[in-house]
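Working notes, beginning with the structure itself.
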Amino acid sequence: MTDLSPQPFDPDLLAPSDGWDRVTLVLSVLAVDPAGLGGLWLRARVGPARDAVLAALPHLPLPHRRLHPGLTDEALYGGLDLSATLATGRPVRTPGLLAQPSALVLTMAERCPAGMAARLAQALDSPRHCLVALDEAAEAGEGLPAALSDRLGLFLALDELPLGLPVLDPQALAHARAALPLLRPSAKAAGTLTRIAVALGIDSPRAVLSALRAARALAALRGHRGVRREDLATAAELVFAHRATRLPQAEAPPPPPAPEPQAQTQPQEGLTPPDDLIVEAVRAALPADLLDHLAAARAARTAKGATGSGEVRAGNRRGRPLPARPGRPSAEKRLDLVATLRAAVPWQALRRQSAPERLLHLRPGDLRIKRQEEKSDRLLVFAVDASGSSALARFGEAKGAVELLLARAYARRDHVALIVFRGPQAELVLPPTRSLVQVKRRLAGVPGGGGTPLAGALQLAEAVALRARGRGLSPVVALLTDGRANIALDGTPGRARAEVEAAQAARSLRAQGFPAVVIDTAARPQDGLRVLAAGMGATYLALPRADAARLSLALEAALA
């Protein structure tokens, strides 16, 4: 039964919990109904804070199973025990990690491939498992596959928290689990949460279902006889805040006109005043830079050809192993002997009936070939305008943005190269490297002033990218400039000739198929630079008054 009767408004009931109090609340809700909520998306670096949260997971009423992104289907679902099968002469299967209900802890969840994410999502769709995804991504918007983030009801980010410790009460959790089956949110509660989800731009029905389950768990923890409005408010805050795609309206819509007598039963549009109070509670929990993250994400979606990770190639010689596939071995395809034997063993008893003298019967359909996924490292080729037309303040912000982005690239083990163009020519001041110390030192020593040899910068960027591709890297070009090319390739001044040569260099870069992004740092967006970006096949972003943090965020989103 759900109690949605009007109640006096108490700001403390709707105020978001901060710090470790919030962590304790989230873990308590998860411990009451882990399978119903799907699990927890935990964004945190490896450290004491994450260890403290993981130490509280034994309060979940499920056995723990630790996973990593490279697990095979056999490890998840079970498979044939080859040695036992050959010894006994009959198929002997080993159970997989998903055979029994369990709390799955996925390490390095941001690296989880799409195939494994889909398999785990299918397992979460049955109310037997819960998943704790340990996301070590550096920034919001990175990492966790959508198939998993949509199914995990709760979210925690620990990077901003001081050291602390969540304290859970086992007795209170046991009482809450016992009371949980007696609590049933009403259709009115579901309607309230649905309207709030719409106001926040959340279009996933799983979010509303997760919020309803979280409200039930909260009511059980608080000893309520029914799901109250404060339970809905806290549940909406915990489940909706990290999923919001827009800010709710600051003001409530005007009240609708009084309905006619015969229309008394028709539903009215808009949020009712109590719903607005819950929306304000969720608004208080939204990230302060929500709009910036959303704008950067939209820019990333418009990127054509940009890729944030190295190129993935299916090969047969090296890389991460993939499941074997039926096929005939050849010079390019190696036989997977173990997989072949696994395919043949179940049929041995039947095949021996026709030829009992043979110890092992193999058929062409049993043959399996090895498959491996090779993922090349990414190289970020930065071409930064240090000319006089790029004012000192904007050039300083551009250097700061590159340094911030390079720090994140270092955390992901990307390679970086830095080209600075000013005066008569462009210069490769930093060949491809993974040394953050060198990057900072070279950036600090780059002066500004002089002409803008844009064509030379693009040609040099193409040459660096071609050499990197030959070494197995996946190059991405990022150009930061105000677009006022005035130095030709031979070093002589002349705007008309310089612009023609820059357009030719842009088309040549596009012909090589390199993903690229162009950041226009001019005080006013330049139409010429927009045309140049189109010639490069690059994403164009105009950020005339952006600081280093916004520049780096936009660059990172466009290259994601």
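Side chains included, hydrogens not; waters and symmetry mates left out as well; all remaining heavy atoms used.
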Practice item. Keeping the roles fixed (side chain from Arg22, backbone from Leu238), state whether a donor-acceptor pair exists under 3.5 Å. Key: no
Exercise for review: Take Val53 and Trp20 through the test side-chain contact (heavy atoms from CB on, under 4.5 Å) and record every step on the way to the result.
Suggested key: CA-CA 10 Å; Val53 173; Trp20 286 96; 4.0 Å; yes
Revision key, fill the gap. Nearest heavy-atom contact between Ala176 and Val32 is CB-CG2, 3.7 Å
Check your understanding: Closest approach of Pro185 and Ala189, non-hydrogen atoms and distance?
Key -> CB-CB, 4.3 Å
Review point. What class does the angle between the rings of Phe155 and His242 fall in, given that below 30° is parallel, 30 to 60° is tilted and above 60° is perpendicular?
Key: parallel
Point to revise | Min side-chain heavy-atom separation Leu62-His129 under 4.5 Å | key: no
Review point. Taking the side chain from Thr234 and the backbone from Asp231, do they hold a donor-acceptor pair closer than 3.5 Å?
Key: no
Check your understanding: Which heavy atom in Ala133 sits nearest to a heavy atom in Leu152, and how many Å separate them?
Key -> CB-CD1, 3.8 Å
Exercise for review: Looking only at non-hydrogen atoms, find the nearest pair between Ala147 and Ala117 and report the distance.
Suggested key: CB-O, 4.4 Å
Point to revise | Atom pair CG/CG of Leu180 and Leu221 - distance to nearest 0.5 Å | key: 9.0 Å
**Study point:** Inter-residue atom distance Leu42.CG - Leu156.CG, 0.5 Å rounding
**Key:** 6.0 Å
Revision key, fill the gap. Taken to the nearest 0.5 Å, the spacing of Leu25 CG from Leu168 CG works out to 9.5 Å
Check your understanding: Which heavy atom in Ala219 sits nearest to a heavy atom in Gly226, and how many Å separate them?
Key -> CB-O, 3.9 Å
Exercise for review: Give, for atom CZ of Arg222 and atom CZ of Arg228, the distance between the pair rounded to the nearest 0.5 Å.
Suggested key: 10.0 Å
Study note, to complete from the structure: When Thr539, Leu479, Leu480, Val476 are each screened for side chain to side chain contact (heavy atoms under 4.5 Å, CB included) with Val517, the one that passes is Thr539
Review point. Within a strict 4.5 Å, meaning less than it, do heavy atoms of the Pro63 and Gln100 side chains meet?
Key: no
Review point. If you round to the nearest 0.5 Å, how far is OG of Ser28 from CG of Asp33?
Key: 13.5 Å
**Study point:** Which residues share a side-chain hydrogen bond (donor to acceptor under 3.5 Å, both in side chains) with Asp520, sequence neighbours left out
**Key:** Tyr540
**Study point:** Summary of side-chain hydrogen bond (donor to acceptor under 3.5 Å, both in side chains) pairs that have at least one residue in residues 206-216, sequence neighbours excluded
**Key:** Asp150-Arg206
Exercise for review: Give a yes or no answer on whether the side chain of Arg510 reaches the backbone of Ala534 with a donor-acceptor pair at less than 3.5 Å.
Suggested key: yes
Check your understanding: Does Asp125 offer a backbone N or O that forms a donor-acceptor pair with the side chain of Arg128 under 3.5 Å?
Key -> no
Review point. Among Leu209, Leu232, Ile202, which residue meets the side chain to side chain contact (heavy atoms under 4.5 Å, CB included) test with Leu193?
Key: Leu232
Exercise for review: List the atom of Ala207, the atom of Phe240, and the distance in Å for their closest heavy-atom pair.
Suggested key: O-CE2, 3.5 Å
**Study point:** Intermediate values then yes/no, side-chain contact (heavy atoms from CB on, under 4.5 Å), Leu148 and Leu106
**Key:** CA-CA 11 Å; Leu148 294 181; Leu106 177 61; 4.1 Å; yes
Practice item. Could you please spell out the steps behind the side-chain contact (heavy atoms from CB on, under 4.5 Å) verdict for Leu27 and Leu40? Key: CA-CA 9 Å; Leu27 292 177; Leu40 170 66; 4.1 Å; yes
Exercise for review: Begin with the C-alpha distance, continue with both residues' side-chain angles, and end with the deciding distance and a verdict on side-chain contact (heavy atoms from CB on, under 4.5 Å) for Leu144 and Cys112.
Suggested key: CA-CA 7 Å; Leu144 203 62; Cys112 183; 6.0 Å; no
Review point. Leu37 versus Val29: any side-chain heavy-atom pair under 4.5 Å?
Key: yes
Point to revise | Glu74 atom CD, neighbour heavy-atom count above 12 within 6.0 Å | key: yes
**Study point:** Distance in Å, Leu529 CG paired with Met536 CE, rounded so as to fall on 0.5 Å steps
**Key:** 9.0 Å
Check your understanding: Can you pull the side-chain hydrogen bond (donor to acceptor under 3.5 Å, both in side chains) pairs that have at least one residue in residues 47-66, sequence neighbours excluded?
Key -> Arg50-Glu136
